[in-house]
Amino acid sequence: MRKTVAAVAVLLLVAVITGCATATRNNQGQLAMMYTQGQYAEASESVASASREMPLVLDNANIMFMAGKYGQAVELLEEAELATKDDDTENAALKAGKVFGEMLFNREFMDYAPRTCDKVLINTYKGLAQMALLNQQNARVEFNRAYDRQRRAVEEFAKEIEAEQKKLAEEKEKAAKVAHNATNAQRPGLDMDRTTESCSALVQEQMPEMNVWEAYPDFVNPYTTYLAGLFFALNGEIASDFGKAATLLKRVDEMVPGNKAVQSDVAMARDFECGASSPASETPAVWVIFENGLAPVLTELRLDLPIFLLKLDSPIKNVPFVLPRVKARDEACSHLVVRAGDSVLPTQEVASIDRVVQTEYKTRFPMLLTKALVSTATKSFTQYLAEQAGGSGAGIVAAVFTTVSARADIRSWEALPKNVQIAKLPMPEKRVLDIALPDGSSAGTVELPESRFAIVHVRIPAPGAPAALNVIPVGTLRPDVEVAKQ
C-alpha cells in the first residue's frame with residue numbers, strides 16, 4: 001500500500017511540473033501568433049498581463065521595443081538580466097544539483113537557463129533602447145557590458161563544461177556501481193558503451209544538418225559587435241572610444257566581407273580615430289537596421305533508444321529518448337530597398353542569428369547529448385531492476401515516470417530575428433526615407449528627426465506582416481525635438 005501511495009505521489013508531482021511547462025509553452029505560442037500576424041498593438045497590450053517567466057519576458061521586451069515603448073522594454077530586459085546574473089553567480093554545489101535534477105527529471109522542469117547568446121543580446125537590446133531614449137551614458141554601459149560578455153564567453157563556457165563534466169562523471173560512476181551490484185546479484189549490468197554507440201548513430205542519422213552549419217568564431221555575434229562599434233563611433237567622447245569603434249567595426253568587416261555600409265563605417269571610425277574628422281564634422285547620414293524574419297526555435301527530436309545490458313546480445317527494450325533540435329524559420333523577405341532623396345540602396349546582411357544560435361547549440365551538443373543519454377539510460381535501467389525486483393506493478397510505475405519525464409527543454413527566445421541587414425545613406429535634404437519590399441510595394445515612409453545622424457529600426461517578423469518602424473535620433477538635436485520616454 002505504501003509503495004502504491006509513494007508511486008502515485010511521484011507521478012502526480014511529475015504531472016504538475018509537466019503542466020507548468022506546458023502552460024509556458026502555450027503562453028509563448030499565443031504571443032508568437034499575434035507577433036507573426038502583425039498584431040503588434042494587441043501583443044504589446046497582452047504583455048502587461050503576461051507571465052513573468054523566462055524566456056517569455058525576453059519576447060515581451062522585443063514587442064515593447066517594436067511598439068516604441070522603450071522604457072518598458074528596458075524594464076523587462078533588466079528583469080531578464082537579473083535572472084542571468086543569478087545564473088552566473090550560482091555556486092558550484094547548486095549548479096551540480098541542477099545537473100542532477102536535470103538528469104532525474106529534465107531541464108524543462110527547472111528555471112530557464114539563458115544561453116550565452118541570450119545574455120549578450122539582452123545588453124545589446126538594452127543599449128539600443130537606451131539610445132532610443134537618448135540616454136547615451138546608459139547606452140554606453142550596456143554596449144560595454146554586451147562586448148564584455150561576448151569577450152568572456154569562451155572562458156566561461158569552458159568553466160561551465162568542466163563543472164558539468166565533473167558532475168556527469170559522478171553520475172556515470174553511480175550508474176556503474178548500480179550495474180556492478182546488479183551483476184553481483186547475477187543480473188546483467190547496463191552496457192553504456194553499446195548504448196552510447198547506438199544513440200550516437202541514431203542522432204547522426206536524424207540530424208545531418210549539423211554537419212553543414214557554419215559557426216561564428218568564439219561566440220561572436222556580429223550584430224552586437226556592429227551596434228557597439230557604431231555607437232562608439234557616433235557617440236565617442238575620447239580617442240579610445242574611436243579606437244574601440246574602429247576595432248569592432250573592422251572585426252565585423254572581416255566576418256561579413258563586401259558589406260558596403262560596414263566598409264564605410266570602418267573608414268569613418270578610422271578617420272575619427274586619427275583626427276581627420278569627427279562626428280561633429282562628418283556628413284550627416286542615416287542607417288537602416290532591418291531585423292528580418294524569425295530566429296530558429298527548438299523542437300523535440302524523439303527517438304526509440306535501444307538499451308543494452310552486459311552479456312546480452314540484444315537490447316532489453318527500446319525507450320523514449322528526446323533531444324532539443326534547432327529548427328530554422330523563414331525570413332520575411334530577401335531584403336529591403338531604401339530611398340533617401342536621390343540615393344537608393346538595398347539592405348545587406350550584417351549578421352545571421354541562425355548562425356549565432358547554431359554556433360552555441362553545436363558547441364554545447366556533446367554535453368547535451370551525454371546528459372540526455374545518461375539520464376535516459378539510468379532511468380531505463382532502474383525501471384528494468386524494478387521490474388525484476390518488484391514485479392509488474394513497480395515496473396509499470398517506473399515506466400510511466402520514464403515516459404512522462406521524457407520531454408526536451410525547447411524553451412528559447414523566440415522573438416529574435418533570423419538575420420539582420422543594414423544600409424547607410426546620406427541624410428536626405430527633405431528628411432524623408434522611403435522603404436520598400438523587393439517587389440516594390442511600400443513597407444513604410446519615415447520622417448527623420450532634426451539630428452545629425454539617425455537610425456531607422458525596421459522589424460518584419462514574417463512574410464506579409466506589416467513593418468514596425470522606430471526612429472532613433474543620434475547626435476545633436478534641435479532644442480524642440482523630443483523623444484517618447486514610455
Side-chain angles (χ1 to χ4, degrees), residues 25 55 99 102-103 106-108 112-121 150 153-154 156-162 164-165 168 172 192-224 255-256 292-306 318-331 349-377 406-420:
R25 287 189 189 183
V99 174
E102 185 173 347
M103 289 190 292
N106 64 52
R107 176 72 247 183
E108 188 188 37
Y112 177 70
R115 301 169 296 188
T116 299
C117 61
D118 291 343
K119 297 175 184 179
V120 171
L121 282 168
Q150 189 166 262
V154 175
E156 291 180 352
F157 178 72
K159 291 180 180 179
E160 178 186 338
I161 291 299
E162 182 181 357
E164 291 194 354
Q165 284 177 335
L168 273 173
K172 286 182 178 179
M192 278 299 296
D193 289 340
R194 279 196 295 167
T195 302
T196 300
E197 183 180 346
S198 176
C199 179
S200 298
L202 282 170
V203 171
Q204 178 65 31
E205 180 183 337
Q206 292 296 318
M207 300 177 65
E209 65 272 15
M210 287 181 61
N211 296 324
V212 297
W213 285 350
E214 296 182 47
Y216 281 132
D218 300 334
F219 291 100
V220 173
N221 182 338
Y223 186 28
T224 292
M255 297 177 72
V256 285
N292 180 19
L294 290 168
V297 290
L298 296 177
T299 60
E300 224 173 41
L301 173 65
R302 301 188 70 89
L303 301 171
D304 289 328
L305 177 66
N318 289 333
V319 298
F321 179 73
V322 294
L323 281 173
R325 179 180 192 172
V326 175
K327 179 183 178 182
R329 292 189 286 179
D330 294 333
E331 60 184 9
E349 184 174 305
V350 73
S352 166
I353 305 303
D354 277 13
R355 286 181 63 186
V356 170
V357 172
Q358 290 166 359
T359 296
E360 182 158 351
Y361 181 88
K362 191 171 184 177
T363 305
R364 293 182 182 277
F365 185 75
M367 183 58 61
L368 178 71
L369 179 62
T370 302
K371 285 194 290 188
L373 178 58
V374 171
S375 174
T376 301
R407 287 164 58 100
D409 184 5
I410 59 172
R411 293 171 295 178
S412 66
W413 189 348
E414 295 188 0
L416 293 172
K418 182 179 182 68
N419 61 60
V420 181

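These numbers come from a predicted model, not from an experiment. Computation of the quantities below employed the complete heavy-atom set of this structure, encompassing side-chain atoms and omitting hydrogens, waters and symmetry-equivalent molecules.
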Quiz item: Are the side chains of Thr376 and Thr195 in touch, meaning some heavy atoms are under 4.5 Å apart?
Solution: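 Not in contact.
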Self-check item: Test item: Thr116 and Glu156 side chains (from C-beta on) under 4.5 Å apart, heavy atoms
Solution: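 No, too far: nothing below the 4.5 Å cut-off.
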Can you tell me if [X] uses its side chain to pair, donor with acceptor, with the backbone of [Y] under 3.5 Å?
| X | Y | value |
| --- | --- | --- |
| Ser198 | Arg194 | no |
| Asn221 | Tyr223 | yes |
| Ser375 | Lys371 | no |
| Glu300 | Ala408 | yes |
| Arg355 | Glu214 | yes |

Practice problem: Can you sort out the partners of Ser412 under side-chain hydrogen bond (donor to acceptor under 3.5 Å, both in side chains), two or more places apart, ordered by chain and number? | Solution: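 Expected list: none.
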Nearest atoms (heavy-atom pairs only) where [X] meets [Y]:
| X | Y | result |
| --- | --- | --- |
| Asp304 | Pro306 | O-CD, 3.5 Å |
| Pro222 | Ala351 | CB-CB, 3.8 Å |
| Ile410 | Leu298 | CB-O, 3.3 Å |
| Ala328 | Lys418 | CB-NZ, 4.1 Å |

List, one per line, each side-chain donor-acceptor pair under 3.5 Å for residues 318-327, sequence neighbours excluded.
{"residue": "Arg325", "atom": "NE", "partner": "Glu209", "partner atom": "OE2", "Å": "3.2"}
{"residue": "Arg325", "atom": "NH2", "partner": "Gln206", "partner atom": "O", "Å": "2.5"}

Within this structure, what is the [atom1]-[atom2] distance for the pair [X] and [Y], rounded to the nearest 0.5 Å?
| X | Y | atom1 | atom2 | answer |
| --- | --- | --- | --- | --- |
| Lys362 | Asn211 | NZ | CG | 6.5 Å |
| Arg115 | Tyr361 | CZ | OH | 12.0 Å |
| Glu414 | Leu294 | CD | CG | 9.0 Å |
| Thr363 | Leu368 | OG1 | CG | 12.0 Å |
| Cys117 | Gln150 | SG | CD | 10.5 Å |
| Tyr112 | Asp409 | OH | CG | 8.0 Å |

